Each structure stands twice: as structure tokens, then as C-alpha cells.
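Worth saying up front: this structure is predicted, and the values here are computed from it rather than measured. Chain letters run A, B, ... following the sequence lines, proteins first, then strands; residues in each count from 1.
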Amino acid sequence: MSKELTTRAADYSQWYNDLVIKGGLADYSAVRGCMVIKPYGYALWENMRDQLDKRFKETGHVNAYFPLFVPKSLFEAEEKNAEGFAKECAVVTHYRLKTDPDNKGKLIVDPEAKLEEELVVRPTSEAIIWNTYKGWIQSYRDLPLLINQWANVVRWEMRTRLFLRTAEFLWQEGHTAHATKAEAIEETEKMLDVYAEFVEEYMAVPVIKGIKTPNERFAGAEETYCIEAMMQDGKALQAGTSHFLGQNFAKAFDVQFMNKENKLEYVWATSWGVSTRLIGALIMAHSDDQGLIMPPKIAPLQVVIVPIYKGADSKPVIDEKVATIMAELKALGIRAKYDDNDNARPGWKFAEHELKGVPVRIAMGMRDLENNVVELARRDTKEKQTVPLDGLAGLVQNLLEEIQQNIYNRALAFRADHTSEANSWEEFVDLLDNKTGFVSAHWDGTAETEDAIKDKTKATIRCIPLNNKQEAGVCILSGKPSTQRVLFARAY
RNA sequence: CGGGAUGUAGCGUAGCCCGGUUAUCGCGCCUGGUUUGGGACCAGGAGGUCGCAAGUUCGAAUCUUGCCAUCCCGACCA
């Protein structure tokens, strides 16, 4: 079969790629490091985007759109931010092509059409946005400014992976300006909560909320908050970040406001983002060797109905019954499809919908029709049951909720199983190598130790969990005193 | 970007070492028929710049060089 998947045990990376490609989420493109998001994958993204967008708006944000290009002089204004991204920027240097005089039918960059100032293709939009905010903010009455944009960004990565790290990706980036430090920090934390709630409740992926160490901090931020998720191979994935930017960008772009006391002050900033990388997290957190497993709340398709018929006579009878079921499902807002394509037989359809991760499948044949029942199958456990037609829609609705909860619980249990405490270096290394997952251990708080641990084990500090328990201990590597444990893991 | 591997029809592949008729097989696709409760069967058919570009040769899927892409390991990666 061309649709055969690599198993997780055989080759986890290949399994992941197979799911993305064969599950119809995305395809490789003609551009290095860039992918085509196919309709099924995009439908998933749209569902995720719609939920997030709703929450952003509920928390007082509005959407806007800023340019793809950032003049180099603006880009370099905030030094740390510029430095952090410099190595992965695509840069536009010319604005015209012309026909090659030496090679008919080919085009060359017109050397006459060199831009006076290079344009950086945004790897993130702080620079262009803060340059704009300068003109929008004069008074405390203009604050807070709470803006989000849905956009694409480009980061010229050396090594790319479908959804997890592509040269171009889709995301949202919130950029807010506040009158006080406290309010900006509150915003940073609020948006982290929005992310955590969305990822847990809709994507059914449990996350750890925490803050990054200075080493792992966003370039130009005072503090980076993050949510960290765990994949089925025990590796961590940063699922979203929310940054408290202090006054760094306000100072770099000279954004000041007049406060109530008629004094000029620099504004306080935040930025926060999640990307199509979340789709990678979704895949690796839930799916199995048969294919994708979509959380019902954001699944492009929640229910698929497969007719089983012998001869042309029975099909119209089934069609009629299914039309009723479809109407009932749609009345409850359930995304359902009647897969009556005659080219494929039922067994093929079952396998295909399992590959695509459709949460619930309903099969209906004459046998069922006579007994007024259908076969109801759930993707997460592969369990099948025969249920009466009466009250089917309600039952399906409950089942969708149960599946959502079940895959969350499953991921949570996996994470619990793969979260350990290490109290010695030997134990630490052993856990990372053999148990994988998060390892909670004491760290002396220095960047040197953090780097040394990374060099020796490839594990990084994923975060210092919020509201972390304070306890005296000694650093796993240096033996120096420590006041708290931090979460280590190998990560994507 | 460094090391390794791979690239032959939509997918998976044989052939490559040791150059030589019309590039192998399976799945998928098209037509017709029979089918349909876990990836159907029969018959007929279409589909190939052998990743791309140069080179060596009378002759290149096969040898050489460069490039591109994917995977693995590293570096890098907010």
C-alpha cells in the first residue's frame, strides 16, 4: 500500500513526516525550507486561528496588518533584537529583473535596480510596528494599545522540518504598549494564559507555563514566558511565547507618552506569538501508527459517515436516512461529511479517515437500517459500538467531548510518566537517555552551567515553572547551592 | 553550513558495482464489467526530461564534476 506509514518505534522522524504528507496536511514545495499547506492542513489552521482570534478579541485586542518588509535601518534600531535575528534574515536588495542579454529567455537581476536601502523580510515585526507606534502614541490616553496581526514571517533556518521549523511560517504576533510596567507584565501573563488555555482545551495538549532563562530569552525581551509541551518521543516543544519587552523598544524607537502629571515617559511593551508550529505539536502529541488523531474541537472534520451497500437499490435508502442524520448533526454544529464516493470501498474509507484522524466514524448498511442502528467508531481508541439511530446526534456530541477529554488525559498521563526528578548528575543523565521527557533538577542559576549541561547532554532548560516551589538544594552539575528546581529536556 | 545516506511514472521499487535493443515489478490512475460490513476482483489501457546541469564516450539510469531536494548526525535555531 502506498499509504503505509512508518511506525513511531521504527523511525519517529519519518513517522512524523509520513503523517504530515500522507495525512494531507502539507507538501514540500519548490522553495527550500518552505512548505505548501494543503486544504486539510489549512482547515485545521483556520480552526485554530479562529479560536485564538476570538480569545484575543475577548481580551480587548484588535487586528491590524503591517508590512512584510522592514527597512534595514529600522531593523537594526533595537540592537539585541537585530543581533538575535541577523543570521537568519532574507534581504531584498533589488526591485527589478531584466532579460539576460547573453541567455535568451532567462532573467537576471537588473544591476541598475539596486535599492538604496535593503529591505529585510520580517523575521518578526517589532521593528516596523514600534516605528509605527511612535506616531500613534502621544498621551496616556492613547494607552494601552492592544494590537495583533496574523501574518507570515521568514527565518532562514539551516535545517527545516515540516510545520516545526520552516523558513516561512504563518503565525500571529501581538504587540502591545502600556503606561506602566505592572500593566505590561499583567498583559504578558494574561496572553500566556490565553495560549495555555487554548492549547490545553482545544488542542488537548497539556502545557507547562514558565519563564525562560536569560540564555533562552527572546532577543530584546526583559522576560520571556513560555508554554512547553511534551511530544511522544519525550522531547519538549516550545508551543508559544509571551514576552515582556520592558522599555527596550520604546527607547530604541523613541516612543514616549505624556502621563497625567504632564511628564514624558517611555511606554512599556509586550509581544506574544504562536505559529503553525502548533500543528506539529498537535501531530506529535496525539497521533499513532495508524495516522493522525485530531482533537474534536479543532478537527476540520469531526464526523464522517460511510455507507455500506450491496447493489444500487439499497444506496438511495441509506442516502435518505443519512440525510436525516446529517441534518441532526449540523443542527448541533457538528462538522460532518457523508462520504458516499462510490470509487472507494468501505474498508478503504475506514483506513483513510483513520489516517486523517477524523474523531468519529459512523457506518451504515442495510443490516443497520433494518435494526434502526448504526456502527459508531472512535478514532482515539479504535473502539466500535452499535448504537440506536434515536438520539444519535446527541450521543455523537457527547462522544466528541469524551474523545477530546480522553486524548488530553492520555497526553497528560504520558507527560506525568515522563517527568522525573534528578538528584545527582548520574541520575540526571540516565533519566534523559533512558526515560526521556522532562527532568526536574536543581541548577545554580548561571549561564555557564546551563551551557555546560547543554554541551554534555543536549538538554536545555525548558523553563522555570511559574509559581515554582522554592526548596534548597545543590546544582546537578556544579554542586553549588540552588533555591529551586528547573525543567530540563531535549527539545525540538 | 560540515559529515553520512538517498533521489528511477502520483507512491513504493528492480536495474547502477561491470555503460550497449523497447527501463522492471507492485500499488495508484483511465475504460468496461462484477463488487461493496476493515485498504475488492477480472479484462483492456495510459503514464518516464531515470532529481537538474555539464562532461567522458560511437553510445550514459549506469562513469566524472557541479548543483538541487529529502532524511539522519552535528553546528545553528527565540
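Look at B/rA40: its Watson-Crick or wobble partner, with both distances under 3.5 angstrom, is B/rU34. Across all strands shown, the partner of B/rA69 is B/rU6, judged by Watson-Crick or G-U wobble contacts whose two distances both fall under 3.5 Å. Across all strands shown, B/rG28 forms no Watson-Crick or G-U wobble pair with both key distances under 3.5 Å. Summarising the base pairing, B/rA14 is matched to no nucleotide, lacking a Watson-Crick or G-U wobble pair whose two defining distances lie under 3.5 Å. With a 3.5 Å ceiling on both atom-pair distances, B/rG47 lacks any Watson-Crick or G-U wobble partner. Here B/rC77 sits opposite no nucleotide as a Watson-Crick or G-U wobble pair (both hydrogen-bonding atom distances under 3.5 Å). The partner of B/rC63 is B/rG55, by the rule that a Watson-Crick or G-U pair needs both atom distances under 3.5 Å.
Comparing the same atom, C1', in B/rA69 and in B/rU8 gives a spacing of 15 Å after rounding to whole Å. Across B/rA9 and B/rC72, the matching P atoms stand 22 Å from one another, rounded to whole Å. B/rG4 and B/rG48 have their C1' atoms separated by 30 Å, given to the nearest Å. Taking atom P in both B/rG47 and B/rU31, the straight-line distance is 16 Å, to the nearest Å. The same atom, P, is picked in B/rC30 and in B/rG38; the two are 24 Å apart, to the nearest Å. Across the C1' atoms, B/rU49 and B/rC68 are found 15 Å apart, a figure rounded to whole Å. Of the P atoms belonging to B/rC52 and B/rA60, the separation is 15 Å, rounded to the nearest Å. Going from the C1' atom of B/rU22 to that of B/rU64 covers 28 Å, rounded to whole Å.
Backbone-only engagement by A/Asn17 is indicated by non-hydrogen atom pairs under 4.0 Å involving sugar-phosphate atoms exclusively. Counting any heavy atom pair closer than 4.0 Å across all strands shown, A/Arg277 reaches no nucleic acid atom. Residue-level contact check: A/Asp340 touches neither bases nor backbone, having no heavy atom under 4.0 Å from any strand. Using a 4.0 Å heavy-atom distance criterion, A/Lys382 is classed as making no nucleic acid contact. Using a 4.0 Å heavy-atom criterion, one finds that A/Gln290 contacts no nucleic acid atom at all. Within 4.0 Å of A/Arg32, counting heavy atoms only, lie sugar-phosphate atoms of the nucleic acid but no base atom. A/Glu216 comes within 4.0 angstrom of a nucleotide base, judged by non-hydrogen atoms across all strands. Heavy atoms of A/Gly84 sit under 4.0 angstrom from primed sugar atoms or phosphate atoms, though from no base atom.
Regarding contacts with the backbone of B/rG37, a side-chain N or O of A/Arg345 is found under 4.0 angstrom from either OP1 or OP2. Between A/Ser13 and B/rC72 there is a side-chain N or O to OP1 or OP2 distance below 4.0 Å. A close approach under 4.0 Å does not occur between any side-chain nitrogen or oxygen of A/Arg217 and OP1 or OP2 of B/rA78. For the pair A/Tyr12 and B/rC71, the criterion of a side-chain N or O lying under 4.0 Å from OP1 or OP2 is not met. When the side-chain nitrogen and oxygen atoms of A/Lys87 are compared with OP1 and OP2 of B/rC77, one or more of them lie within a distance under 4.0 Å.
Here B/rU31 presents its P atom at 13 Å from CG of A/Asp342, a figure rounded to the nearest Å. Between the CH2 atom of A/Trp348 and the P atom of B/rU35 there is a distance of 22 Å, rounded to whole Å. Taking atom CZ on A/Arg490 and atom C1' on B/rA75, their separation rounds to 17 Å, with Å as the unit. The separation between A/Glu352 atom CD and B/rC11 atom C1' is 13 Å, rounded to whole Å. A/Arg379 places its CZ atom 14 Å from the C1' atom of B/rG38, with the value rounded to the nearest Å. When the C1' atom of B/rC77 is taken as reference, atom CZ of A/Phe218 falls 14 Å away, rounded to whole Å. Distance A/Ile308 CD1 to B/rG39 P: 11 Å, rounded to the nearest Å. The separation between A/Leu164 atom CG and B/rC72 atom C1' is 16 Å, rounded to whole Å.
Aromatic ring pairs are classed by plane angle as parallel below 30°, tilted from 30° to 60° and perpendicular above 60°; the pair A/Phe198 and A/Tyr202 is parallel. Relative orientation of the A/Trp15 and A/Tyr12 rings is tilted, given thresholds of 30° and 60° on the angle between their planes.
A/Asp18 contributes a side-chain N or O that, together with a main-chain N or O of A/Thr6, makes up a donor-acceptor pair within less than 3.5 Å. Between the side chain of A/Arg277 and the backbone N or O of A/Leu237 there is no donor-acceptor pair closer than 3.5 Å.
In terms of position on RNA chain B, the residue among A/Leu369 and A/Asp11 whose nearest nucleotide sits closer to the 5' end is A/Leu369.
Once rounded to the nearest 0.5 Å, the distance linking NE2 of A/His175 with OG of A/Ser271 reads 5.5 Å. Separation of atoms CZ (A/Arg155) and CZ (A/Arg165) is listed at 11.0 Å; rounding is to 0.5 Å.
Of the candidates A/Phe75, A/Tyr133, A/Phe218, A/Glu126 forms a side chain to side chain contact (heavy atoms under 4.5 Å, CB included) with just one, namely A/Phe218.
Judged by the 6.0 Å and 45° rule, A/Arg55 forms no cation-pi pair with A/Trp272.
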**Asked** Does the pair A/Leu487 and A/Glu228 meet the rule for a side chain to side chain contact (heavy atoms under 4.5 Å, CB included), with working shown?
**Response** CA-CA 10 Å; A/Leu487 275 190; A/Glu228 292 286 326; over 6 Å; no
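Side chain A/Arg159 to base B/rC76: no donor-acceptor pair is found below 3.5 Å. Evaluation of atom-type donor-acceptor distances gives no pair under 3.5 Å for the side chain of A/Lys349 against the base of B/rG37. Side chain A/Glu375 to base B/rG38: no donor-acceptor pair is found below 3.5 Å.
Distances from the side chain of A/Tyr28 to the nucleotides B/rC76, B/rC71, B/rA78 place B/rC71 closest.
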